[in-house]
Amino acid sequence: MTAVSVRHTDLANRGVLITGGGSGIGAALVEGFAAQGAKVAFLDIAEQQSRKLAGRLSEKSAHPVVYLKADLRNVAETQAAVDEVAGKLGSLAVLVNNAGWDDRHELDAVTEEYWDASQAINLKQMFFVSQAAVPHIRKTGAGAIVNFSSIAYLLNMGEMPAYTTAKAGIIGLTKSLAGRLGAENIRVNAILPGMIVTERQKELWLTEEGIGKMVARQCLKRVLMAEDLVGPCLFLASNASAAMTAQTIVIDGGAL
Ligand SMILES: NC(=O)c1ccc[n+]([C@@H]2O[C@H](COP(=O)([O-])OP(=O)(O)OC[C@H]3O[C@@H](n4cnc5c(N)ncnc54)[C@H](O)[C@@H]3O)[C@@H](O)[C@H]2O)c1
């Protein structure tokens, strides 16, 4: 991966929890925070790849990288996992709500069950993970939450209405949490990635033609990778953005 050249010294030894850290953008974030000397933990449902990642990074990081298996759709299980993470790390100052599931779905095929399942992983869990993390972040006296939304909800994309509704909802959640938590010195911001070429995206959705079209639309004429989200996320989590809250930043190579 491309290492971030900026060192955020305030992130060293800070407790950081990343959801969905086992693969894709989340895995790049886990590696990026660990490289800053932070105490990193991540939750993910996919056990095998997550254990592998935690093992690989623990060997080369200042602190062991903690992985806990959790299904974020299960609120009670998630709350218990957040408390366990805070205990294992010793403290928690940063939460990165990265996990999501961008399944494509036809308007006519969406059932009530499908809709609820999509909101459960793409929106509802972000509220409950935040709710569980805030009491721990409070104890550190200051902290940051970074929520992953998407530019997808701004592009009038017709093939994933449940996903884009959730991603738009994340902006409301971000601003609401920022309003509630600002007085406690906890900042809440959102990142809207553009088309990020991960292994899962390549396997399921992306074609060479689709990638080419998006790159042509972007100002920057290159494919964006998971590592491109690391610098912006470190910035929002660190004191470099100390006066910034309730904002969204777009990392899309200039597609919008
Ligand atoms: N890749 C893109 O092009 C792109 C674009 C815009 C926004 N985003 C957003 O960025 C974030 C990360 O994207 P990504 O492409 O790396 O996602 P991904 O789907 O590749 O990875 C998400 C991670 O979440 C985990 N996860 C899924 N369901 C879970 C559950 N129920 N409980 C616990 N963990 C679960 C997965 O195992 C995986 O490791 C997501 O919020 C996504 O919506 C991605």
Side-chain angles (χ1 to χ4, degrees), residues 1 17-32 41-54 67-82 85 95-104 116-126 128-129 132 145-155 157 160 162-171 173-174 190-207 210-211 214-215 217-218 223-230 232-233 236 248-253 255-256:
M1 83 179 253
L17 170 60
I18 298 165
T19 65
S23 67
I25 295 170
L29 298 176
V30 169
E31 184 154 8
F42 68 99
L43 305 179
D44 206 295
I45 198 168
E47 206 169 352
Q48 207 182 353
Q49 59 191 10
S50 297
R51 289 209 181 286
K52 217 168 134 188
L53 178 72
Y67 162 63
L68 280 186
K69 185 180 181 190
D71 182 344
L72 298 167
R73 294 167 298 185
N74 182 325
V75 173
E77 185 181 324
T78 300
Q79 287 165 333
V82 173
V85 158
L95 166 65
V96 181
N97 277 314
N98 162 77
W101 201 251
D102 75 332
D103 210 11
R104 305 297 196 264
D116 288 345
S118 179
Q119 303 309 312
I121 182 57
N122 287 311
L123 180 59
K124 180 178 155 188
Q125 54 88 8
M126 280 205 190
F128 285 103
V129 174
I145 298 176
V146 182
N147 295 328
F148 272 75
S149 174
S150 171
I151 67 165
Y153 84 88
L154 295 167
L155 291 175
M157 293 175 81
M160 42 174 157
Y163 174 80
T164 52
T165 300
K167 288 295 171 186
I170 290 166
I171 305 308
L173 176 64
T174 299
I191 290 180
L192 277 67
M195 188 188 71
I196 310 300
V197 179
T198 62
E199 284 309 313
R200 178 171 184 271
Q201 291 290 318
K202 273 197 293 190
E203 266 168 37
L204 294 177
W205 317 119
L206 297 180
T207 58
I211 293 173
M214 184 53 95
V215 171
R217 181 185 173 134
Q218 291 170 194
V223 164
L224 304 185
M225 307 297 285
E227 289 71 27
D228 287 306
L229 279 309
V230 175
C233 191
L236 289 178
T248 62
I249 57 174
V250 175
I251 311 295
D252 70 346
L256 286 184

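When a ligand or atom number is given, it counts from 1 through the structure's own listing order.
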Ligand-residue contact atoms, ligand 1 with G194, heavy atoms, under 4.0 Å: 3 (O), 4 (C), 5 (C), 6 (C)
For atom 9 (C) of ligand 1, closest protein heavy-atom neighbour: S149 O, 3.8 Å
Could you list the donor-acceptor pairs under 3.5 angstrom formed by side chains in residues 193-200, with sequence neighbours left out?
| residue | atom | partner | partner atom | Å |
| --- | --- | --- | --- | --- |
| T198 | OG1 | Q201 | N | 3.2 |
| R200 | NH1 | D102 | OD1 | 2.8 |

Side-chain donor or acceptor of Y67 paired with backbone N/O of D44 under 3.5 Å: yes
Straight-line distance of K52 NZ to S23 OG, nearest 0.5 Å: 12.5 Å
Proximity to ligand 1 by part of Q125, non-hydrogen separation under 4.0 Å: neither
Option of least heavy-atom distance to atom 44 (C) of ligand 1 (set: I25, I196, V197, D71): I25
Heteroatom distance test (L72, ligand 1): nitrogen or oxygen, under 3.5 angstrom: yes
From CD1 (I249) to OG (S149), nearest 0.5 Å: 12.0 Å
Separation between CD of E47 and NZ of K69, rounded to the nearest 0.5 Å: 4.5 Å
Atom 42 (C) of ligand 1 - nearest protein heavy atom and its distance: Y163 OH, 3.6 Å
Test applied, side chain to side chain contact (heavy atoms under 4.5 Å, CB included); reference residue, F148; option that passes from N97, V96, L192: V96
Which residue and heavy atom of the protein sit nearest atom 41 (O) of ligand 1, plus the separation: N98 O, 2.6 Å
Q201 neighbourhood, listing ligand 1 atoms whose heavy-atom distance to it stays under 4.0 Å: 1 (N)
Residue selection (non-hydrogen contact nearest atom 22 (C) of ligand 1) among S50, G100, G26: G100
Options A152, S23, G20, A120, ranked by nearest heavy atom to atom 24 (O) of ligand 1, top entry: G20
Atom 27 (C) of ligand 1 [closest protein heavy-atom partner, distance rounded to 0.1 Å]: W101 CE3, 3.5 Å
Proximal candidate to atom 34 (N) of ligand 1 [heavy atom criterion; set I45, N97, N147, D102]: I45
Nitrogen or oxygen atoms of D44 and ligand 1 under 3.5 Å apart: yes
Nearest atoms (heavy-atom pairs only) where Q119 meets A166: OE1-CB, 3.5 Å
Any protein heavy atom nearer than 4.0 Å to atom 19 (O) of ligand 1: yes
Atom indices of ligand 1 within 4.0 angstrom of G24 heavy atoms, with elements: 16 (O)
From CD1 (I170) to OG1 (T165), nearest 0.5 Å: 11.0 Å
M225 backbone acceptor or donor facing D228 side chain under 3.5 Å: yes
Atoms in ligand 1 flagged as close to R200, the criterion being non-hydrogen separation under 4.0 Å: 19 (O), 20 (O)
Approximate separation, where rounding is to 0.5 Å, of I45 CD1 and T19 OG1: 12.5 Å
Atoms in ligand 1 flagged as close to I121, the criterion being non-hydrogen separation under 4.0 Å: 28 (N), 29 (C), 30 (C), 31 (N)
Between T174 and N147: side-chain donor-acceptor atoms closer than 3.5 Å: yes
Distance filter under 4.0 Å to A70 heavy atoms, resulting ligand 1 atoms: 32 (N), 33 (C)
Backbone N/O of A99 and side chain of Q125: donor-acceptor pair under 3.5 Å: yes
Enumerated ligand 1 atoms positioned under 4.0 Å from heavy atoms of A46: 37 (O)
From L154 atom CG to D252 atom CG, the distance as rounded to the nearest 0.5 Å: 9.5 Å
Options A99, A28, S150, A117, ranked by nearest heavy atom to atom 6 (C) of ligand 1, top entry: S150
Atoms in ligand 1 flagged as close to F148, the criterion being non-hydrogen separation under 4.0 Å: 10 (O), 41 (O)
